[in-house]
2 protein chains.
Amino acid sequence: MNEGMGRMATKGEGATPRERYRTQLRTEIKERAWEQIAASGASGLSLNAIARQMGMSGPALYRYFASRDDLITELVRDAYRSLADTMRDAAASGADLAGLGHALRTWALDDPQRYFLVYGTPVPGYHAPDDITTIASEIMAGLLDAAQPAGDPADASADAAAADPDEARLEAHLAEHGQWAADHPAAPPALRRALSFWTRLHGILSLELAGHFTGMGLDPALLYDTELQQLTRRR
Amino acid sequence: MNEGMGRMATKGEGATPRERYRTQLRTEIKERAWEQIAASGASGLSLNAIARQMGMSGPALYRYFASRDDLITELVRDAYRSLADTMRDAAASGADLAGLGHALRTWALDDPQRYFLVYGTPVPGYHAPDDITTIASEIMAGLLDAAQPAGDPADASADAAAADPDEARLEAHLAEHGQWAADHPAAPPALRRALSFWTRLHGILSLELAGHFTGMGLDPALLYDTELQQLTRRR
DNA sequence: CTCGTTCGTTAGAAGTTATAACTGCCGCAG
DNA sequence: CTGCGGCAGTTATAACTTCTAACGAACGAG
């Protein structure tokens, strides 16, 4: 049926006018969707409202997205992609763990709802597509790369293990059940550092973005920087 | 108009039959709501579905809750109240910071969506009523109480401040802008401990409950315990 | 027993997602 | 340049949702 295609569907620049129009309209729909999400959250996203804003009526959008959940899934994918790119760029610019931490925070503050789309409350039934978890692994891999060269491995390992028996147990557990990020070659201390980096910074960030620090006269940036400082110091 | 009330509206046991029926039906509505939230999240809560389950039709529920948002707000309030009671009971049973940490985790695992109703993704426009923030302050106060007697204050303070200049800056900032929890009498190191307790445990818990640890072969309990161990050790 | 308050009902407005069927135009093949 | 296939966008419609309005019926206090 669709064998007689004039050009390859490369989706990029040199495509057929129809395809160019299609992708352009898709991105415009997504832009409107992001505006709505920033204003009312993901649950307040309305296809009809988007169509109204774009001057076309209701069901036209179903030519471009199979369903509302489909659109949201794509936005989640884009959010993951954006975070992964941000972290990769930061790492490419020679940023260490602290640099990645700051990159993460500026990315989160740039659009809180986008952060929540990645790390916020999940819908109980929902399972992310495989490519999204692939991007998540990519993010973790970048983190592990940055966590690797911090401090002499043997030194830090012995230090932490000696100071805390549970710490040793956790590192052993990480070394054993470490099918992380497509078997990334990272020593247990690096695994531990990346994990703490992730959980602690997310803890502060999510509480800040959710507004739980407002009203208690606390500077989130100072708290974040202090936590990051303690995180990048050899323990 | 409503002056001639037979008995005081004490809302408890000895009320007029109408009131007893009313409160009983309200709690049944909330129970069904919790079931739906556990199954489909807060955004999937449907008043019509609840009414259908209870054998009565649609708008009858508006006799008991002014709106859907009103019901959700009350559920959020109950969730806060439940967490505050759990923490208070744990503290009353002589639990230290570690005990509070375990109480928090069991409470969260008992109903993840209830946890997300408290600490999950917020709706951009929404502002919590005053009594809810009061309960939140109560929770923080209990945390500060538990964070107080851990270690000699002067010793720990000097230790942390000496090890990290940013740590000293943060503690000074906390001491200065410390209108926390209705001016709780807590020393800066205790403030710092309680804050780290909150942000770090929430970081791990929210990621675990959101399912971000699944698929990477990691035992969340071990991670949580290790973090809690490190948190309760004098730094 | 009477009467007012409350409960629950149905009807309906305004909104949503999503499908089906129809029109009109774009753009590629010949 | 022409013709026609396929895609875009339209309306109509179904099945939902929240929420208001108006009505009947039951309950309980006096």
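All chains are named by letter (A, B, ...) in the order of the sequence lines, taking the proteins before the strands, and each is independently numbered beginning at 1.
For B:F65 and D:dT20, the CZ to P distance is 15 Å, given to the nearest whole Å. Between the CG atom of A:L61 and the P atom of D:dT11 there is a distance of 14 Å, rounded to whole Å. Taking atom CG of residue A:L47 and atom P of nucleotide C:dT19, one finds them 11 Å apart after rounding to whole Å. Put simply, CZ on A:R20 is 12 Å from P on C:dC28, counting in whole angstrom units. Atom OH of A:Y62 and atom P of C:dT19 are 7 Å apart (whole Å). Atoms CD (A:E19) and C1' (C:dC28) sit 13 Å apart, rounded to a whole Å. Between the CG atom of B:D69 and the C1' atom of D:dC19 there is a distance of 12 Å, rounded to whole Å. When rounded to the nearest whole Å, the span between CD1 of B:I50 and P of D:dT17 equals 11 Å.
Note: A:I29 CD1 to A:M54 CE = 5.0 Å, rounded to the nearest 0.5 Å.
For A:Y64 and D:dG9, the shortest distance from a side-chain N or O to OP1 or OP2 is below 4.0 Å. Listed pair A:Y21 / D:dG9 meets the phosphate criterion, a side-chain N or O lying under 4.0 Å from OP1 or OP2. B:R22 has a side-chain polar atom (N or O) that falls below the 4.0 Å cut-off from OP1 or OP2 of C:dC7. Under 4.0 angstrom from either OP1 or OP2 of D:dT18 there lies at least one side-chain N or O belonging to B:N48. Taking only side-chain nitrogens and oxygens, A:R52 comes nearer than 4.0 Å to OP1 or OP2 of C:dT16.
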Note to self: Walk me through whether B:T121 and A:Q113 qualify under side-chain contact (heavy atoms from CB on, under 4.5 Å).
What the structure shows: CA-CA 8 Å; B:T121 306; A:Q113 289 297 322; 4.2 Å; yes

Note to self: side-chain contact (heavy atoms from CB on, under 4.5 Å), that's the test. Do A:L47 and A:F65 meet it? Break it down for me.
What the structure shows: CA-CA 10 Å; A:L47 289 188; A:F65 294 94; 6.0 Å; no

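Using a 4.0 Å heavy-atom criterion, one finds that A:R68 contacts the sugar-phosphate atoms exclusively. Among the atoms of the strands shown, only primed sugar atoms or phosphate atoms (P, OP1, OP2) are found under 4.0 Å from some heavy atom of A:L25.
Comparing C:dT9, D:dT18, D:dT10 against the side chain of A:M56 picks out D:dT10 as the nearest. Comparing D:dG9, C:dG8, D:dA29 against the side chain of A:A60 picks out D:dG9 as the nearest.
Of the two residues contacting DNA chain C, namely A:R18 and B:G55, the nearest-nucleotide position lying further toward the 5' end is that of B:G55. Both A:A66 and B:S57 sit near DNA chain C, but only B:S57 has its closest nucleotide nearer the 5' end.
Across all their heavy atoms, B:F197 and B:L97 have their closest contact at CE1-O, 3.3 Å.
Taking the six-membered ring for Trp and thresholds of 30 and 60 degrees, B:Y119 and B:H202 have ring planes inclined between 30 and 60 degrees apart.
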